[in-house]
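Here the structure is laid out as structure tokens; the discussion comes afterwards.
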Amino acid sequence: KLCVSVGDRAYSTAECIIKASEIDHQVHISRLRNNRTLYHPVTITSTKRGRPRRYGEPFRLNRPLDCASPNECTTLKTLTKRGRELTIQFSCWNKLFMRGKKSMHMSEHPLRLVKIEIKNASGLVVFKRPLWLVVSGKRAHELSLGEIYSIYCQRFDIEHFFRFGKNKLLLDKSQSPDVHHE
């Protein structure tokens, strides 16, 4: 069965993506910073001496003019709990790469990049910046763009529990032998 793990910006590192892609049935979805740079695959092989190139042209998320045309585009209309109609626009680029470390070759792990923009009924953007998600794993293409967004949105439900548990139930301090905390 397909297993999906979801994380915030801290989980879009080379270590997390490589560990998640080692498991055949796991897909990892995480948010990217808006100033991150990914890379296209190498298209031109040079005849120069030295190590062959691993990364192609840069894909800068904070420069929309540099972005190539997406491989997939989808639009979804939805209603909020208060009855407002929103339009969610998805753009997806396949086979992008991020730089790794010396011991972690990210050029062997293609990524799927999803850009999500939410607009109101009059066509104005609701949020100032788009949401950038990276999807990695051997079975990443089995999820549709709508499924990726809905799975990522489910992450926020558990975040409320973590905040409540740390603030009110002292779950971050409960392993202490101090009786005062209990």
Side-chain angles (χ1 to χ4, degrees), residues 1-40 59-64 67-98 106 109-167 169 171:
K1 293 184 177 181
L2 185 64
C3 177
V4 180
S5 64
V6 180
D8 204 10
R9 289 189 318 190
Y11 299 97
S12 62
T13 61
E15 294 90 358
C16 290
I17 291 174
I18 288 176
K19 286 290 183 189
S21 62
E22 288 176 355
I23 303 170
D24 290 336
H25 61 276
Q26 183 174 359
V27 174
H28 182 68
I29 301 172
S30 59
R31 186 166 64 99
L32 285 177
R33 291 187 328 253
N34 289 319
N35 62 352
R36 200 71 190 259
T37 301
L38 299 177
Y39 296 90
H40 292 283
F59 185 96
R60 294 178 181 89
L61 303 185
N62 59 357
R63 295 186 188 168
C67 297
S69 60
N71 300 104
E72 289 179 64
C73 288
T74 306
T75 303
L76 177 72
K77 292 196 183 271
T78 185
L79 287 174
T80 63
K81 291 179 182 177
R82 295 184 178 180
R84 285 186 358 179
E85 183 178 316
L86 297 177
T87 303
I88 305 172
Q89 291 182 342
F90 302 99
S91 302
C92 179
W93 292 266
N94 297 321
K95 291 191 177 181
L96 292 177
F97 300 95
M98 69 171 51
M106 288 298 294
H109 302 280
L111 305 173
R112 190 173 181 199
L113 179 68
V114 179
K115 177 183 176 183
I116 300 169
E117 289 183 308
I118 300 176
K119 297 183 179 183
N120 59 14
S122 60
L124 298 174
V125 178
V126 176
F127 300 106
K128 186 173 125 179
R129 294 185 182 135
L131 174 66
W132 294 95
L133 298 177
V134 64
V135 184
S136 61
K138 296 175 183 168
R139 296 174 61 182
H141 294 284
E142 292 182 22
L143 295 174
S144 69
L145 299 179
E147 289 173 335
I148 291 170
Y149 177 69
S150 66
I151 290 170
Y152 185 76
C153 287
Q154 291 174 5
R155 184 187 138 270
F156 296 107
D157 296 338
I158 198 166
E159 292 293 331
H160 295 293
F161 168 73
F162 289 144
R163 182 174 180 172
F164 174 76
K166 288 179 181 179
N167 289 343
L169 302 178
L171 291 180

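Values below: every heavy atom of this structure, side chains too, minus hydrogens, waters and symmetry copies.
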Report task. List the steps and the verdict of side chain to side chain contact (heavy atoms under 4.5 Å, CB included) for His25 and Lys1. Result -> CA-CA 6 Å; His25 61 276; Lys1 293 184 177 181; over 6 Å; no
With a 4.5 Å cut-off on side-chain heavy atoms, are [Y] and [X] touching?
X	Y	result
Arg112	Ile148	yes
Leu145	Cys92	yes
Val125	Asn120	no
Trp132	Asn34	yes
Arg36	Met98	yes
Leu2	Leu143	yes
Glu72	Ser91	no
Ser150	Cys153	no

If you look at every heavy atom in [X] and [Y], which pair is closest and at what distance?
X	Y	answer
Arg84	Val126	NH2-CG1, 4.4 Å
Ala10	Cys16	O-SG, 4.4 Å
Phe90	Gly146	CZ-CA, 4.2 Å
Glu147	Glu142	OE1-O, 4.0 Å
Ser30	Tyr11	OG-O, 3.6 Å
Leu38	Leu32	CD1-CD1, 4.0 Å

Hey, what do you get for [atom1] ([X]) to [atom2] ([Y]), rounding to the nearest 0.5 Å?
X	Y	atom1	atom2	result
Ile17	Ser136	CD1	OG	5.0 Å
Asn71	His141	CG	NE2	9.0 Å
Leu124	Thr87	CG	OG1	11.0 Å
Cys3	Arg139	SG	CZ	10.0 Å
Gln154	Tyr149	CD	OH	11.5 Å
Thr37	Asn62	OG1	CG	6.5 Å

Requested in this report: Take Asn35 and Arg33 through the test side-chain hydrogen bond (donor to acceptor under 3.5 Å, both in side chains) and record every step on the way to the result.
Outcome: CA-CA 5 Å; Asn35 62 352; Arg33 291 187 328 253; 3.0 Å; yes
Query raised in the report: Would Ile118 and Phe127 satisfy side chain to side chain contact (heavy atoms under 4.5 Å, CB included), going step by step from the backbone distance to the final call?
Result: CA-CA 7 Å; Ile118 300 176; Phe127 300 106; 3.8 Å; yes
Query raised in the report: What do the steps show when you test Glu117 against Ile88 for side chain to side chain contact (heavy atoms under 4.5 Å, CB included), and what is the final call?
Result: CA-CA 6 Å; Glu117 289 183 308; Ile88 305 172; over 6 Å; no
Query raised in the report: Can you tell me if NZ on Lys138 sees more than 12 non-hydrogen neighbours from other groups inside 6.0 Å?
Result: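 Above 12, so yes.
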Requested in this report: Could you pull out all residues at least two apart from Tyr152 that satisfy side chain to side chain contact (heavy atoms under 4.5 Å, CB included)?
Outcome: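 Once residues adjacent in sequence are excluded, the partners of Tyr152 under the side chain to side chain contact (heavy atoms under 4.5 Å, CB included) criterion are Val6, Asp8, Ile29, Arg31, Leu131, Leu133, Arg155, Phe156.
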**Report entry** Worked check of side chain to side chain contact (heavy atoms under 4.5 Å, CB included) between Phe59 and His40
**Finding:** CA-CA 7 Å; Phe59 185 96; His40 292 283; 3.5 Å; yes
Query raised in the report: Under 4.0 Å between a Lys/Arg side-chain N and an Asp/Glu carboxylate O for Lys119 and Glu85?
Result: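 The answer is no: the pair does not qualify as a salt bridge.
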Report task. Just do the side-chain hydrogen bond (donor to acceptor under 3.5 Å, both in side chains) check on Ser5 and Gln26 with the steps written out, would you? Result -> CA-CA 7 Å; Ser5 64; Gln26 183 174 359; 3.0 Å; yes
Requested in this report: Verify whether the ring centers belonging to Phe97 and His109 lie closer than 6.0 Å.
Outcome: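 No.
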